[in-house]
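The block underneath contains the structure these notes are about, expressed in structure tokens.
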Amino acid sequence: MSLYNDAESILITKEMIADRVRELGAELSRQYRDKNPLMICVLKGSVVFFSDLIRAMDIPLEIEFMAISSYGNSIRSSGEVKVVKDTDKSLENRHVILVEDIIDTGLTLSYIKNMLERRAPASLKICALLDKPDRLQVDIEADYVGFKIPNKFVIGYGLDYAQKYRNMPDVCVLNPKIYNRQP
Ligand code: 5GP
């Protein structure tokens, strides 16, 4: 059965994503030339975007990975997250680019950003593939955004629902029947 059976519609096609990633890569390459940026991928949702983005950049850079998880179900209300895997390298005096999949309420990003800022990077910028401006609850903005999207639950291109759909090449709107279904 196709993964696409659970999608209500395709919101952003793989061609649109490829074009935008190319633009973002070119812009980051211009702005970080000679800065050897440290690019941090926030697992797991960002991994597909991250791997395309770094290959769209033609300057020297280094990569790091972080994994976070929410404390129970509190992520939506408090944004309090637990670091499951931290970066291996020090961020001190580095030009850091945090790569996120999606900004929804902004609580997760705000938490991670505050945490990383305490590690004294030379600069810290945020690059997010998707942004849902209607849902934002805190005063935080990504410095680089792929697409602004409406308030719909999306899957694909790294984004999951119950760990599924990450391998879909397009960003799709999940059919609400899937998350309304009783176990
Ligand atoms: P925030 O703290 O900004 O509310 O939530 C950010 C996190 O919630 C994202 O990193 C992502 O894991 C998850 N999230 C928010 N909106 C969506 C969505 O539409 N689809 C998926 N798959 N995950 C989402």
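We count ligands from 1, going down the list as the structure has it; atoms in each ligand are counted the same way.
Which parts of ligand 1 touch Asp101 is read off a 4.0 Å heavy-atom cut-off, strictly below it: atoms 9 (C), 10 (O), 11 (C), 12 (O). The ligand atoms of ligand 1 that sit less than 4.0 angstrom from a heavy atom of Leu159 are 21 (C), 22 (N), 23 (N). Heavy-atom contacts of Thr108 reach the following atoms of ligand 1: 1 (P), 2 (O), 5 (O), 6 (C) (cutoff under 4.0 Å). Listed by number with element, the atoms of ligand 1 under 4.0 angstrom from any heavy atom of Glu100 are 10 (O).
A distance of 3.5 Å separates CD1 in Ile178 from CG in Asp6, rounded to the nearest 0.5 Å. Atom CD1 in Ile140 sits 13.5 Å away from atom OH in Tyr111 (nearest 0.5 Å).
The shortest N/O to N/O separation between Asp104 and ligand 1 falls below 3.5 Å.
For Phe153, the heavy-atom gap to ligand 1 drops under 4.0 angstrom. Residue contact annotation: Arg135 has no non-hydrogen atom under 4.0 Å from ligand 1. The closest approach between any non-hydrogen atom of Lys152 and ligand 1 is below 4.0 Å. Look at Gly45 and you'll find every heavy atom at least 4.0 Å from all atoms of ligand 1.
Under the side-chain hydrogen bond (donor to acceptor under 3.5 Å, both in side chains) rule, Tyr144 has a single partner from Gln31, Lys125, Glu27, which is Gln31.
Checking side-chain atoms of Asp143 against main-chain N and O of Ile126 turns up a donor-acceptor pair under 3.5 Å. Judged purely by atom type and a 3.5 angstrom limit, Arg55 has no side-chain atom pairing as donor or acceptor with the backbone of Gly25.
At a heavy-atom distance under 4.0 Å, no atom of Val42 approaches ligand 1.
The hydrophobic clustering, which links ILVMFWY residues whose side-chain heavy atoms are closer than 4.5 Å, places Val81 and Val42 together. Hydrophobic clustering keeps Ile112 apart from Leu43 (ILVMFWY residues linked when any side-chain heavy atoms are closer than 4.5 Å, directly or through intermediates).
The pair Asp86-Arg119 meets the salt-bridge criterion, since a charged nitrogen lies less than 4.0 angstrom from a carboxylate oxygen.
Residue nearest to atom 6 (C) of ligand 1, selected from Val171, Ile102, Leu109: Ile102 (by heavy-atom distance). Of the listed residues (Asp160, Val154, Thr105, Asn151), the one carrying the non-hydrogen atom nearest atom 4 (O) of ligand 1 is Thr105.
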